[in-house]
Amino acid sequence: MSVRVRFAPSPTGYLHIGGLRTALYNFLFARHHGGTFVLRIEDTDKTRYVEGSVENIIEMLHWCRLDYDEGPGKGGPYGPYVQSERTEIYRQYARELLDKGAAYIAFDTPEELERMRQRQQQAGIVPKYDRTTMRNQFTLGEEETQRLLAEGVPYVIRLKVPLTGVIKFSDIVRGEISVPARDVDDQILLKSDGFPTYHLANVVDDHLMHITHVIRGEEWLPSMPKHVLLYEAFGWEKPQFAHLPLLLNPDRSKLSKRHGHVAVEDFKKEGYFPEALINFVALLGWNPTGEREIYSLQELIELFDLRKVNKAGAIFDIQKLRWINAHYLRHKDPKELARQLQQYVQERNLGDFSLEYLEKVVILLRERVDLLPEILTFGDYLFHPPTHFEQEYFARVWSEDIEALIPALLTLLRQIEPWEHTVIWEQLKGFAKQQGIKIGKVMNALRLMLTGKSVGAGMTETMEVLGKEETLRRIEQFVTQHLPALRQQMAENASE
RNA sequence: GGCCCCUUCGUCUAAUGGUUAGGACACCGCUCUUUCAAGGCGGCGAUACGGGUUCGAGUCCCGUAGGGGUCACCA
């Protein structure tokens with residue numbers, strides 16, 4: 001039988017990193033086995049629905065190249081793939097459970113349930129639905145139940161969990177697990193609004209959609225016994241289960257918004273590459289060798305093995321993500337990067353720059369930043385003349401000697417031809433020697449005048465990218481405008 | 001608190017019961033050098049604890065401790 005897996009998010013917000021990892025492992029498993037990857041939207045709680053979240057999930061999966069084979073907008077043989085469009089199916093199966101005696105009807109109001117929990121807590125016992133004292137099919141009797149139903153009194157359908165015995169199941173990641181039945185609650189399967197809860201809808205759909213492997217987060221492990229009971233009540237063969245270790249905050253709690261952003265979209269906006277995000281997230285909880293860090297999606301597909309997935313949760317370390325992203329930044333095609341950079345330039349209204357120019361900028365600076373858009377701030381002087389000059393740097397590298405050399409330096413630069421960094425370098429070296437001054441002094445002065453900053457790419461390379469005209473203009477502008485201003489500032493600081 | 005899961009450097013991880021416990025990020029140093037990076041080289045740094053099984057345990061078993069998840073008409 002061919003592999004069929006699903007990613008089943010609920011549309012309660014944006015796709016987050018944890019969801020992406022779950023989707024990724026499902027995707028990798030499906031592709032590795034030549035199986036089918038299904039997207040199913042679990043929107044059975046209409047109160048938690050967030051507008052636009054389905055679109056966001058689909059868009060982000062697509063951005064990461066995790067395209068699904070069946071699902072919303074794509075169709076497939078077992079649709080619809082949105083649970084709110086399948087409510088009649090769940091009602092039908094809930095009735096089947098009722099007929100089989102595996103479930104029962106209950107009329108308790110939320111207030112009554114709350115009082116029950118309070119009583120239990122005061123008595124020091126674990127809160128759990130008590131079907132021998134509450135208002136349900138068993139305590140009310142068949143006749144009264146039918147009467148209330150006929151009257152239209154709201155009701156729910158609950159799973160009738162055995163009072164004794166042990167529920168056992170097997171998990172690909174965690175092995176054999178068993179839970180005493182007495183610790184399992186009589187889960188509500190069908191809510192009073194006629195919608196199913198997760199547990200019913202999930203089991204029914206996984207069966208109807210012929211899912212062979214359920215790969216989901218560890219937070220679902222505690223509800224496994226309920227799901228096992230449901231499969232058994234229906235007489236269905238269970239799929240195989242794999243509960244993935246959680247993604248954690250630096251404090252080891254479940255990954256959440258509190259410690260920085262977790263929405264995939266935020267990483268996209270910040271300028272992370274999808275390849276980097278996928279590469280990083282794939283290695284959180286699974287590793288093919290332990291010796292390599294960089295994998296393409298294709299390589300991940302080839303190597304993926306569910307049995308090698310770890311059991312312990314993994315902290316989401318943004319530092320390593322940045323490093324991986326930086327790696328991709330240094331290895332991607334500069335032409336492609338230039339196109340992407342142009343987008344950022346336009347978004348920020350930095351002016352018009354040709355792709356040729358931006359490509360040079362990318363090559364010049366990509367080894368010095370982790371994210372592509374950081375080039376815009378790190379190398380701001382490549383997009384407009386510097387308006388701010390680091391005072392400390394100025395104080396350190398500017399001197400009377402240097403200032404006296406500026407006219408000669410300008411004359412030298414004017415005659416340099418061709419304007420290429422190797423030529424510029426040779427000429428400047430000769431100049432420094434001739435003037436009996438250290439080359440470093442000249443370079444630092446140029447760096448200050450041309451960029452205003454103490455750090456950046458190689459100076460002559462930067463000059464080449466700026467062009468001769470711009471280089472000369474900036475030097476002149478520095479001497480006539482910025483230098484007096486800087487002097488004045490220094491004087492003010494000194495007098496304070 | 002009940003139930004369930006988990007535990008190798010700070011972090012992500014590797015290790016058919018036999019390795020000086022390996023790699024990567026971060027950090028530190030050296031190197032390169034016109035600054036800052038990148039690269040290269042090196043360093044720091046872990047089997048939670050206690051028992052047991054075994055010639056031999058990170059690996060198997062038991063206990064303890066710690067961490068996490070979950071206990072809704074939410075998924």
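In what follows, chains are A, B, ... by sequence order, proteins preceding strands, each numbered from 1.
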query = Which part of the nucleic acid does A:Glu461 contact within heavy-atom distance under 4.0 Å: base, sugar-phosphate only, or nothing?
reply = base
ask   = Which part of the nucleic acid, if any, lies within reach of A:Asp43 when heavy atoms closer than 4.0 Å are counted: base, sugar-phosphate only, or nothing?
value = nothing
With sequence neighbours excluded, residues passing side chain to side chain donor-acceptor pair (under 3.5 Å) with A:Thr422 = none
ask   = So what does A:Val179 hit on the nucleic acid, given a heavy-atom distance under 4.0 Å: a base, only sugar-phosphate, or nothing?
value = sugar-phosphate
message = What contact category does A:Ala457 fall into here, base, sugar-phosphate, or nothing, at under 4.0 angstrom with non-hydrogen atoms?
response = base
task = Any pair with a residue in residues 436-451 of chain A that passes side-chain hydrogen bond (donor to acceptor under 3.5 Å, both in side chains), sequence neighbours left out, goes on the list, sorted by first then second residue, please.
result = A:Tyr393-A:Asn444
ask   = Which part of the nucleic acid, if any, lies within contact of A:Thr289, taking any heavy atom under 4.0 Å across all strands shown: a base, the sugar-phosphate backbone alone, or nothing?
value = sugar-phosphate
request  = Give A:Arg117 one of three labels, base, sugar-phosphate or nothing, depending on what nucleic acid heavy atoms sit under 4.0 Å from its own.
outcome  = sugar-phosphate
task = Using the P atoms only, state how far B:rG52 lies from B:rG58, rounded to an integer number of Å.
result = 15 Å
ask   = Between atom CG of A:Asp205 and atom OH of A:Tyr90, what is the distance when rounded to the nearest 0.5 Å?
value = 3.0 Å
query = When we call it a touch if two heavy atoms are under 4.0 Å apart, what does A:Ile177 touch: a base, just sugar-phosphate, or nothing?
reply = sugar-phosphate
ask   = If you look only at pairs with a residue in residues 182-208 of chain A, which of them pass as a ring-ring contact (aromatic ring centres under 6.0 Å, His included), with sequence neighbours excluded?
value = A:Tyr198-A:Trp220, A:Tyr198-A:His227, A:His199-A:His227, A:His207-A:Trp236
query = Base, sugar-phosphate, or nothing: which does A:Thr197 touch, judged by heavy atoms less than 4.0 Å apart?
reply = sugar-phosphate
query = What does A:Glu293 touch in the nucleic acid at a heavy-atom separation under 4.0 angstrom: a base, only the sugar-phosphate, or nothing?
reply = base
request  = If a pair satisfies ring-ring contact (aromatic ring centres under 6.0 Å, His included) and one of its residues is in residues 108-140 of chain A, list it, with sequence neighbours excluded.
outcome  = A:Tyr104-A:Phe138
query = Expressed in whole Å, how much space separates the C1' atoms belonging to B:rC71 and B:rC12?
reply = 31 Å
task = Considering only heavy atoms of chain A and a distance under 4.0 Å, specify the first and last nucleotide of RNA chain B in 5' to 3' order that meet this criterion.
result = B:rG2 to B:rA75
task = Name the nucleic acid region contacted by A:Pro196, choosing base, sugar-phosphate or nothing; use a 4.0 angstrom heavy-atom cut-off, strictly under.
result = sugar-phosphate
query = Counting only non-hydrogen atoms, which of residues 391-399 of chain A are less than 4.0 Å from RNA chain B?
reply = none
